[in-house]
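For reference, the structure is listed below as structure tokens.
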Amino acid sequence: MASRLHAFNRFELKYLVPVEQAAQIRDELAERMERDAHSPVGGYGVWSLYYDTPQLRFYWEKIEGLKFRRKLRIRHYGDLDGVTDVSPVCVEIKQRVNRVTQKRRITLPYGVARQLCDGRELVPHSAKERAFVEEVLELIVRLNLRPAAITGYQREALVGRDADTGLRVTLDRRVRGRDRDFRFGTRTPENRFTIPPHLAVMEIKVNERTPYWITDLAARRNLNLVRVSKYVQSIEAFGLAPRSVFHIDEADYPPPPTPSPSPDEQSAQDAPMKAGAQ
């Protein structure tokens, strides 16, 4: 059996960006970067089911800023409407060691992933995958992990070229989530925005150092680094834990005011009303 295991280490920087500015940043980045081969025009959906202990251990490890912490999730790329038990998903352990983000994951059919994570059963795997599959199962059983929250968003991704081959930038908009109906493909799920919809999350991911022109772009656009976690945001948005320094509140990031229409625009808006009155 060919190995479906994948692992990588990265440094990550995050920014909150107004959606209309995110489109401008994407176009500017495209002058030096390539669109990710898996990222169509308009982006693609990313949905993650996070597991945690009944006491939300992984959530609190993030809040307390432990130098070593991790999360377990099942992730699906694309639309959830057509998800079946044979749809490919990733079972992933994301962990932080000091400032380095490490991800290890295995691609499995959705039904098999649920058998592993929800059924707590050892699933078929290759010799190279054995250590990771057993680690996932041991983590679930020992900590009594269970589904805690789902997050979803629309992602556009760009990758570096030439000297910046280790660079990846993602722009995530329409960040939303839910605290129930944890099966992918649930009809009419009760999602809600967990980050104000006029904001996008820009993540810069590098293997070693951030290129100077990226930091220059952030400075020119007055972008500030933020401490934001989509999982933490979902937990707090649904009242499962108190709001923390990671919480993004719309009151702190109000939408831009709607400009008043010019006299010509106002006349154009009034015309249909006058015609209807007549």
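Remember, it's a predicted structure, so these values are computed and weren't measured experimentally.
Under the 3.5 Å distance criterion, the side-chain polar atoms of Asp52 are left unmatched by any main-chain donor or acceptor of Leu145. Using modelled atom types, one side-chain atom of Tyr110 and one backbone atom of Phe184 make a donor-acceptor pair closer than 3.5 Å. Formation of a donor-acceptor pair under 3.5 Å by the Gln233 side chain with backbone atoms of Ile248 is found in this model. Here the side chain of His76 pairs a donor or acceptor atom with the backbone of Asp79 at under 3.5 angstrom. Proximity of a side-chain donor or acceptor of Glu121 to a complementary backbone N or O of Gln115 within less than 3.5 Å is not detected. Although no hydrogens or angles enter the test, the distance criterion places a donor-acceptor pair under 3.5 Å between the side chain of Lys14 and the main chain of Val228. A donor-acceptor pair under 3.5 Å links the side-chain atoms of Thr53 to the main chain of Arg57, judged by distance alone. When atom types are taken as modelled, the side chain of Glu129 and the backbone of Ser126 share a donor-acceptor pair closer than 3.5 angstrom.
Counting all heavy atoms, side chain and backbone alike, Leu240 lies closest to Ala148 at CD1-O, 4.0 Å. Considering all non-hydrogen atoms of both residues, Ala157 and Ser39 come closest at N-OG, 3.3 Å. In this structure, Ala241 and Leu56 approach most closely via the heavy-atom pair CB-CD1, 4.3 Å. Considering all non-hydrogen atoms of both residues, Ala200 and Arg173 come closest at CB-CB, 4.3 Å. Considering all non-hydrogen atoms of both residues, Pro189 and Arg178 come closest at CB-NH1, 3.3 Å. Listed here is the closest heavy atom pair of Cys117 and Val136: SG-CG1, 4.4 Å.
Both Val112 and Ile140 sit in one connected hydrophobic cluster of ILVMFWY residues. Membership requires side-chain heavy atoms under 4.5 Å apart, directly or through other members. Grouping the Ile, Leu, Val, Met, Phe, Trp and Tyr side chains by contacts below 4.5 angstrom, directly or via other members, places Leu223 with Trp213. Leu49 and Ile106 fall within a single hydrophobic cluster, where Ile, Leu, Val, Met, Phe, Trp and Tyr side chains are chained together by heavy-atom contacts under 4.5 Å. Linking ILVMFWY residues whenever their side-chain heavy atoms come closer than 4.5 Å, directly or via other members, places Leu143 and Val133 in the same cluster. A continuous path of Ile, Leu, Val, Met, Phe, Trp and Tyr side chains, each step under 4.5 Å between heavy atoms, connects Phe132 with Val141, placing both in one hydrophobic cluster.
To the nearest 0.5 Å, the span separating CG on Leu158 from CG on Asp36 amounts to 8.0 Å. Atom CG in Asn98 sits 11.5 Å away from atom CG in Leu66 (nearest 0.5 Å). With values rounded to the nearest 0.5 angstrom, Leu16 atom CG is found 6.0 Å from Ile195 atom CD1. Interatomic distance, CG of Leu5 versus OG1 of Thr107, reported as 9.0 Å (0.5 Å rounding). Taken to the nearest 0.5 Å, the CD1 atom of Ile63 stands 11.0 Å off from the NE2 atom of His247. Distance check: Leu171 CG to Leu29 CG gives 7.0 Å after rounding to the nearest 0.5 Å.
With a 4.5 Å cut-off on side-chain heavy atoms, Ile74 and Cys90 do not count as touching. Contact annotation: the side chain of Phe11 approaches that of Val100 to within less than 4.5 Å [non-hydrogen atoms, C-beta and beyond]. Between Thr215 and Leu217, the closest side-chain pair of non-hydrogen atoms is not below 4.5 Å. A 4.5 Å side-chain heavy-atom check between Arg10 and Asn207 finds at least one atom pair inside the cut-off. In this structure, the side chains of Met202 and Ile25 come closer than 4.5 Å at one or more pairs of heavy atoms. Phe182 has its side chain within reach of Ile150: a pair of non-hydrogen atoms, C-beta onward, lies under 4.5 Å apart. With a 4.5 Å cut-off on side-chain heavy atoms, Tyr77 and Pro88 do not count as touching. Taking the side chain as every heavy atom from C-beta outward, Leu72 and Val91 approach each other to under 4.5 Å.
With salt bridges taken as basic N to acidic carboxylate O contacts below 4.0 Å, none links Arg70 and Glu61. Under a 4.0 Å N-O distance rule, the pair Lys230/Asp172 qualifies as a salt bridge. At a threshold of 4.0 Å, the pair Glu28-Arg221 counts as salt-bridged, since one of the basic side-chain nitrogens sits closer than that to a carboxylate oxygen. Salt bridge status for Glu34 with Arg161: present, with a side-chain N to carboxylate O gap under 4.0 Å. Ion pairing between a basic and an acidic side chain is recognised when a charged N comes within 4.0 Å of a carboxylate O; Asp216 and Arg32 show no such pairing. Remark: Lys62 does not engage Glu64 in a salt bridge, criterion side-chain N to carboxylate O under 4.0 Å.
More than 12 heavy atoms of other residues, nucleotides or ligands sit less than 6.0 Å from atom CZ of Arg69. In this structure, Arg146 places its CZ atom where more than 12 heavy-atom neighbours from other residues, nucleotides or ligands lie under 6.0 Å away.
Donor-acceptor pairing under 3.5 Å is lacking for the side chains of Asn191 and Arg176. For the 3.5 Å distance criterion, the side chains of Glu236 and Tyr59 qualify, holding a donor opposite an acceptor. A donor-acceptor contact closer than 3.5 angstrom is absent between the side chains of Arg174 and Tyr153. A donor and an acceptor atom, one from each side chain of Asn144 and Tyr51, are nowhere located under 3.5 Å apart.
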- Task: Using the side-chain hydrogen bond (donor to acceptor under 3.5 Å, both in side chains) rule, take Arg104 and Gln95 through it: C-alpha gap first, then chi angles, then the decisive distance, then the call.
- Result: CA-CA 9 Å; Arg104 293 171 294 135; Gln95 62 189 36; 3.2 Å; yes

- Message: Walk me through whether Arg168 and Glu12 qualify under side-chain contact (heavy atoms from CB on, under 4.5 Å).
- Response: CA-CA 10 Å; Arg168 178 177 172 85; Glu12 295 183 352; over 6 Å; no

- Audit row: Tyr50, Arg73, side-chain hydrogen bond (donor to acceptor under 3.5 Å, both in side chains) steps and yes/no: CA-CA 4 Å; Tyr50 286 88; Arg73 65 191 181 195; 2.8 Å; yes

- Query: Given the rule in the side-chain contact (heavy atoms from CB on, under 4.5 Å) test, do Glu134 and Leu122 qualify, once you have shown the distances and angles that lead to the verdict?
  - Reply: CA-CA 7 Å; Glu134 289 183 344; Leu122 194 63; 4.3 Å; yes

- Item | Residue pair Met33, Leu167: steps toward the side-chain contact (heavy atoms from CB on, under 4.5 Å) verdict | CA-CA 9 Å; Met33 303 179 69; Leu167 173 66; 3.8 Å; yes

- Item | Derivation of the side-chain contact (heavy atoms from CB on, under 4.5 Å) call for Glu135 and Ile93 | CA-CA 9 Å; Glu135 180 183 355; Ile93 293 177; 3.7 Å; yes

- Under the salt bridge (charged side-chain N to carboxylate O under 4.0 Å, His left out) rule, what do Glu190 and Arg192 come out as? Steps first, then yes or no, please. CA-CA 7 Å; Glu190 298 182 22; Arg192 78 165 66 154; over 6 Å; no

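Applying the side-chain hydrogen bond (donor to acceptor under 3.5 Å, both in side chains) test between Glu92 and each of Arg105, Lys71, Lys103 identifies Arg105 as the sole match.
Geometrically, Arg75 does not engage Trp47 in a cation-pi contact defined by less than 6.0 Å to the ring centre and at most 45° from the axis.
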